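The structure displayed is predicted, hence computed values, not measured ones. Quick note: residue numbers are just sequence positions, from 1.
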Amino acid sequence: MPHRRPSTPRAAVVRGTAGPDGRRAMTRAAAGALVLFSGGQDSTTCLALALDRYARVETIGFDYGQRHRIELDQRATIRESLRQNFPAWRERLGEDHLIRIEALAQISTTAMTHDVEFATDARGLPNTFVPGRNLMFLSLAAALAYRRGFKHIVGGMCETDFSGYPDCRDDTMKAMQLAVNLGMDSRFILETPLMWLDKAATWRLAETLGGTALVTLIVESTHSCYLGERARHDWGHGCGSCPACRLRAEGWRKYIASSEKHGPA
């Protein structure tokens, strides 16, 4: 499927970003946001963006029996690092919520939840795709946002550098926003600030938000590797060969090459 940018005003509102770098000026300073926070590079960048944008930010994570559940252990480390090293965000970072969804592993046989080799099906879809995962995540996040009084729900879904997951597409996010708003009689805004950014641009966004300190935090503390390995590389920790590691490493190489050519953001 070719990548495309939404052209309608409604799509721009759903996407929740303004400008190619995914940033916009903070509006309604008293507003808050709930961030889908896995402990990976993308969700950490989204968390930093929300802390830069909103006065009150809480996080939600999901334990669904993932093989790389070490990412869940990294969440507390990242949150504490943000509090310690970014004073402007310290008071904005609120509660964390961890939701268990064992049913996802029970009804799937994907490489994300079972010890099987990575493979691609006839449609070109990798077996790391967990059917229903993001749909369930967003439904539960909306339910929590409803109870916590948040209008904005922020997720790291991306249609530019991704593995072809249909539940990461912009059309899916539009449909989910409509569904949760109808089902809960609310006006949630599902923000996906990385939707049209490649991984190099995501690294650059982190630098823009928090300088080299945030880039270093992402390298040292986040986890994206599907196998849960913590071998050290220049771009962070991981096996170096799974789809997530390859995307992250390639984005890092392009980011470093761009930084050397044009200088820091």
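Residues Ser186 and Val180 are not in side-chain contact: their nearest non-hydrogen atoms beyond the backbone lie 4.5 Å or more apart. When side chains are defined from C-beta on, Leu82 counts as touching Leu214, because their heavy atoms get closer than 4.5 Å. In this structure, Gln74 and Thr222 have side chains that are not in contact, with every pair of non-hydrogen atoms separated by 4.5 Å or more. You'll find the side chain of Arg83 reaches within 4.5 Å of the side chain of Arg79, heavy atoms only. Counting heavy atoms from C-beta on, the side chains of Leu217 and Thr44 come closer than 4.5 Å. Using a 4.5 Å heavy-atom cutoff, the side chains of Met173 and Met195 are in contact. Between Leu93 and Leu47, some side-chain heavy-atom pair lies under the 4.5 Å cut-off.
A donor-acceptor pair under 3.5 Å links the side-chain atoms of Arg147 to the main chain of Ala143, judged by distance alone. Within the 3.5 Å criterion, the main-chain N or O of Cys168 finds no donor-acceptor partner in the side chain of Thr172. At distances below 3.5 Å, not a single donor-acceptor pair connects side-chain atoms of His97 with backbone N or O atoms of Ile99. In terms of modelled atom types and a separation under 3.5 Å, the side chain of Asn181 and the main chain of Phe188 share a donor-acceptor contact. No side-chain donor-acceptor contact under 3.5 Å links Asp198 to the backbone of Thr160. Panel note: side chain Glu58, backbone Leu34; no donor-acceptor pair is recorded below 3.5 Å.
Residues Glu250 and Lys199 are not paired through a salt bridge, judged by the lack of any N-O separation under 4.0 Å between the basic side chain and the carboxylate. Ionic pairing of Arg75 and Asp96 is present here: one or more N-O contacts between side-chain nitrogen and carboxylate oxygen are shorter than 4.0 angstrom. Using a 4.0 Å cut-off between charged side-chain N and carboxylate O, Asp52 and Arg92 make no salt bridge.
For the salt bridge (Lys or Arg N to Asp or Glu O under 4.0 Å) test, residues two or more places apart in sequence or in another chain that qualify with Asp63 are Arg69, Arg100. Scanning for salt bridge (Lys or Arg N to Asp or Glu O under 4.0 Å) contacts around Arg232 gives Glu220, with sequence neighbours left out. Scanning for ring pair (Phe, Tyr, Trp, His ring centres under 6.0 Å) contacts around Phe137 gives Phe62, Tyr64, with sequence neighbours left out.
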**Message:** Please determine whether side chain to side chain contact (heavy atoms under 4.5 Å, CB included) holds for the pair Leu197 and Leu205, giving the CA-CA distance in whole Å, both sets of side-chain angles, and the decisive distance to 0.1 Å.
**Reply:** CA-CA 9 Å; Leu197 303 186; Leu205 174 58; 4.0 Å; yes
**Message:** Evaluate Cys158 against Thr192 for side chain to side chain contact (heavy atoms under 4.5 Å, CB included), listing each step before the verdict.
**Reply:** CA-CA 7 Å; Cys158 174; Thr192 54; over 6 Å; no
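Within 6.0 Å of CD on Glu91 lie no more than 12 heavy atoms contributed by other residues, nucleotides or ligands. Within a 6.0 Å radius of CG in Asp234, other residues, nucleotides and ligands contribute more than 12 heavy atoms.
Of all heavy-atom pairs spanning Arg204 and Ser259, the tightest one is NH2-OG, 3.1 Å.
Side chains of Ser38 and Ser43: a donor on one and an acceptor on the other come within 3.5 Å.
Just one of Lys254, Arg248, Arg253 meets the side-chain contact (heavy atoms from CB on, under 4.5 Å) condition when paired with Trp203; it is Arg248.
Between Tyr255 and Trp252, the ring planes are tilted. Angles from 30° to 60° get that label.
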